[in-house]
Amino acid sequence: MSQNPTKHTKVLIIGSGPAGYTAAVYAARAMLNPILVHGSEPGGQLTTTTDVENFPGFAEVIQGPWLMDQMKEQAKAVGTEMIEDHISNVNLKSSPFEATGDSGQKYTADSIIISTGAQARWLNLDSEQEFRGFGVSACATCDGFFFKNKEVAVVGGGNAAVEEAMFLTKFASKVKLIHRRDSLRAEKMLQKKLMENKKIEIIWDSVVEDVLGDKDPKNVKGIKIKNVKTNEIQELKLDGVFIAIGHDPATQLFKDQLEMDKEGYLITKADSTETNVPGVFAAGDVKDKIFRQAVTAAGMGCMAALEAEKHLSHN
C-alpha cells in the first residue's frame with residue numbers, strides 16, 4: 001500500500017471525549033489547526049451513558065452520545081481535522097514528537113494533548129453488559145440520583161466501592177455491598193463510617209453470577225449471587241447495580257516515556273495539565289481518578305489547549 005506522507009501539526013490530540021473535543025475547540029480557535037485522532041468509537045465513556053443531567057447548560061435531560069456528537073461537530077466546525085485511526089506508537093524524545101497509527105499513517109507534532117481516558121472494569125457478564133445504562137452503572141456520582149428510594153447493590157471492596165456505597169445512601173433506601181472476600185481493602189476510617197451506616201448491608205464472600213431484569217422495557221430487577229465458600233446461590237431483589245472494582249486508564253502507549261502513578265494514571269504538574277515532558281499535556285480521566293466527570297474533563301481539555309498554545313508561543 002502506498003505510504004501517506006507524514007502529517008504534521010502544531011497540536012496533536014490523542015483521544016476524544018469531553019477532554020479531547022474541548023481541547024480541540026480551544027486549539028482550533030487559537031488558529032493552531034489541531035489534528036484529533038480518535039478510535040472507531042469516538043466519544044469515550046459518555047457514549048455508554050444514556051441520561052446526562054449534570055452537564056451545565058441543559059435544563060432538560062440530554063443523552064450522552066448526543067452530547068459527544070455535538071462536541072465533535074463543534075470541534076470540526078471551528079477547524080479541527082478529525083482522523084479515525086488508532087495511535088499504536090509514540091516517540092516523545094524526538095523533536096517534533098512522533099506518533100504512528102495502525103493505518104501506517106505517521107504524525108509529527110510540536111505539542112501533544114493526551115485525552116485517551118479510562119475504562120471502568122466490568123465483571124464481564126453478558127447480562128451486566130445488556131443492562132448497562134438500564135440499571136447497571138459504574139458511576140454512582142453520575143447515576144445515583146435515578147435510584148431515589150430504591151434498593152441497589154455495589155460490587156467491590158476498595159475505597160471506591162465504599163465511597164460509592166456511602167454516596168448512594170443519600171438516594172437509595174437500602175444499599176447492599178457485595179464483596180468476594182471476608183474483609184474490605186478500603187481504609188479503616190472509611191470502613192468505620194460504612195459499618196455505622198444503617199442503610200448499608202455488607203454481603204461477604206460473594207460474587208455476582210448474573211444480573212436479572214425485564215427485556216421490555218429494559219430494567220434491572222435483581223441479581224444472582226454465589227457464596228464462594230459454600231457455593232450457595234441466592235437471588236436478591238434490586239433496582240440497580242453499581243460495579244466499583246476500579247478503572248484502567250488508557251496509558252499503555254506512554255509506558256516508560258511519561259511519569260505515571262502506580263495505577264497507570266498520568267502525573268501532571270500542580271494546577272496544570274503538563275506532564276514531565278514539556279509540550280506533552282494530559283487531560284480528563286487519563287490523569288484524573290478523583291472527579292471523573294464530563295465537566296471536569298472538559299475543563300482540563302480547555303487548560304491543556306491554553307497551555308499548549310503558551311508552550312508553542314515560547315518555543
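- One finds the NZ atom of Lys198 at 10.5 Å from the NZ atom of Lys174 (value rounded to the nearest 0.5 Å).
- Formation of a donor-acceptor pair under 3.5 Å by the Thr80 side chain with backbone atoms of Met82 is not found in this model.
- Of all heavy-atom pairs spanning Ala244 and Ala161, the tightest one is CB-CA, 3.6 Å.
- Between Ile200 and Thr169, the closest side-chain pair of non-hydrogen atoms falls below 4.5 Å.
- Of the possible polar contacts, one joining the Ser127 side chain to the Val211 backbone as a donor-acceptor pair under 3.5 Å is found.
- In this structure, the separation between OG1 on Thr275 and CE on Met260 is 10.0 Å, given to the nearest 0.5 Å.
- Of the N and O atoms on the side chains of Asn227 and Gln234, not one donor lies less than 3.5 Å from an acceptor on the other residue.
- With salt bridges taken as basic N to acidic carboxylate O contacts below 4.0 Å, none links Lys237 and Glu151.
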**Request:** Could you check Ile223 against Asp210 for side-chain contact (heavy atoms from CB on, under 4.5 Å), going step by step and ending with a plain yes or no?
**Result:** CA-CA 6 Å; Ile223 53 173; Asp210 212 5; over 6 Å; no
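- With rounding to the nearest 0.5 Å, the separation of CG in Asp69 from CD in Gln74 is 12.0 Å.
- In this structure the side chain of Glu235 reaches within 4.5 angstrom of the side chain of Leu212, judged on heavy atoms.
- Partners of Glu307 under the side-chain hydrogen bond (donor to acceptor under 3.5 Å, both in side chains) rule, at least two apart in sequence or in another chain, are Ser272, Thr273.
- The residue from Asp110, Val280, Leu12 that alone fulfils the side chain to side chain contact (heavy atoms under 4.5 Å, CB included) condition with Phe97 is Val280.
- In this structure a side-chain-to-backbone donor-acceptor pair under 3.5 Å is present from Ser313 to Lys310.
- Minimum heavy-atom separation, Ile113 to Ala23: CD1-CB, 4.0 Å.
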**Message:** Test side-chain contact (heavy atoms from CB on, under 4.5 Å) on Lys226 and Glu232; report intermediate values, then the result.
**Reply:** CA-CA 6 Å; Lys226 180 173 99 173; Glu232 185 196 342; over 6 Å; no
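- For the residue pair Asp102 / Ser88, a side-chain donor-acceptor distance below 3.5 Å is found, with atom types taken as modelled.
- Under the 4.0 Å criterion applied to side-chain N and carboxylate O atoms, Lys229 and Asp182 are assigned as salt-bridge partners.
- The pair Glu130-Lys215 meets the salt-bridge criterion, with a side-chain N (NZ, NE, NH1 or NH2) lying under 4.0 Å from an Asp/Glu carboxylate O.
- With Ser115 contributing its side chain and Gly284 its backbone, the two residues share no donor-acceptor pair below 3.5 Å.
- For Asp143 against Ser137, the heavy-atom pair with the smallest separation is OD2-OG, 2.6 Å.
- Ile203 CD1 to Ile178 CD1: the interatomic distance, rounded to the nearest 0.5 Å, is 5.0 Å.
- Ion pairing of Lys193 with Glu196 is absent here, as no side-chain N (NZ or NE/NH1/NH2) approaches a carboxylate O to less than 4.0 Å.
- Under the 4.5 Å side-chain contact rule for hydrophobic residues, Val286 and Leu36 do not share a cluster.
- Note: Ser16 OG to Lys72 NZ = 7.5 Å, rounded to the nearest 0.5 Å.
- Both Val90 and Leu258 are part of a single hydrophobic cluster, where members link through side-chain heavy atoms under 4.5 Å apart.
- Hydrophobic clustering, with ILVMFWY side chains joined whenever heavy atoms are under 4.5 angstrom apart, groups Val52 together with Phe58.
- Sparse packing is recorded around CG of Asp126, with 12 or fewer heavy atoms of other residues, nucleotides or ligands lying under 6.0 Å away.
- For the pair Lys148 (side chain) and Phe171 (backbone), a donor-acceptor distance under 3.5 Å is absent.
- Of the charged side-chain nitrogens involved, none lies within less than 4.0 Å of a carboxylate oxygen, so that Lys106 and Glu98 do not count as a salt-bridged pair.
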**Asked** So Ile243 and Val241, side-chain contact (heavy atoms from CB on, under 4.5 Å) or not? Walk me through it.
**Response** CA-CA 6 Å; Ile243 312 298; Val241 189; 3.9 Å; yes
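- Tyr265 OH: more than 12 foreign heavy atoms inside a 6.0 Å radius.
- Taking the six-membered ring for Trp, Phe147 and Phe242 have ring centres closer than 6.0 Å.
- Under 3.5 Å, the side chains of Thr100 and Asn89 contain no donor-acceptor pair of N or O atoms.
- When only modelled atom types and interatomic distance are considered, His8 and Thr108 share a side-chain donor-acceptor pair under 3.5 Å.
- With 3.5 Å as the limit, one finds no donor-acceptor pair spanning the side chains of Asp205 and His179.
- Of all non-hydrogen atoms in Phe281 and Ala308, the two that sit nearest each other are CE1-CA, 3.6 Å.
- With hydrophobic clusters built from ILVMFWY side chains whose heavy atoms lie under 4.5 angstrom apart, Ile14 shares a cluster with Ile35.
- Put simply, the side chain of Glu53 reaches to within 4.5 Å of the side chain of Phe145, judged on heavy atoms.
- Using a 4.0 Å cut-off between a side-chain N of Lys or Arg and a carboxylate O of Asp or Glu, Glu81 and Lys7 qualify as a salt bridge.
- Here the straight-line distance linking atom CD of Gln293 with atom OG1 of Thr141 works out to 4.5 Å at 0.5 Å rounding.
- Applying the 6.0 Å contact sphere to CZ of Arg121 captures more than 12 heavy atoms from other residues, nucleotides or ligands.
- Contact annotation: the side chain of Leu184 approaches that of Leu194 to within less than 4.5 Å [non-hydrogen atoms, C-beta and beyond].
- Formation of a donor-acceptor pair under 3.5 Å by the Asn276 side chain with backbone atoms of Glu259 is found in this model.
- Judged by distance alone, the side chain of Glu128 and the main-chain N or O of Asn124 form a donor-acceptor pair under 3.5 Å.
- Heavy atoms from other residues, nucleotides or ligands lying under 6.0 Å from CG of Asp271 number 12 at most.
- The two residues Ala294 and Phe55 make their nearest non-hydrogen contact at CB-CD1, 3.7 Å.
- By the 4.5 Å heavy-atom criterion applied to side chains, Ser206 and Val228 are not counted as neighbours.
- Proximity of Tyr26 to Leu306: side-chain heavy atoms (C-beta onward) are separated by under 4.5 Å at one or more points.
- Looking at every heavy atom in both residues, Gly156 comes nearest to Leu177 through O-CD1, 3.6 Å.
- In this structure, Lys218 satisfies the cation-pi test against Phe134, with its NZ or CZ atom closer than 6.0 Å to the six-membered ring centre and inside 45 degrees of the ring normal.
- Side-chain contact between Tyr107 and Thr9 is absent, with no heavy-atom pair separated by less than 4.5 Å.
- Between Lys10 and Pro34, every side-chain heavy-atom pair lies at or beyond the 4.5 Å cut-off.
- Residues Met71 and Trp66 fall within the same hydrophobic cluster, defined by Ile, Leu, Val, Met, Phe, Trp and Tyr side chains chained together at heavy-atom separations under 4.5 Å.
- The environment of Met31 atom CE is sparse: at most 12 non-hydrogen atoms of other residues, nucleotides or ligands sit within 6.0 angstrom.
- A donor-acceptor distance shorter than 3.5 angstrom exists from the side chain of Thr116 to the backbone of Ala250, with no hydrogens or angles considered.
- Using a distance-only test at 3.5 Å, with no hydrogens or angles considered, no donor-acceptor pair links the side chain of Thr47 to the main chain of Gln45.
- Judged purely by atom type and a 3.5 angstrom limit, Asp214 has no side-chain atom pairing as donor or acceptor with the backbone of Asp216.
- Note on Glu209 versus Lys224: no salt bridge recorded, every NZ/NE/NH1/NH2 to OD/OE distance being 4.0 Å or above.
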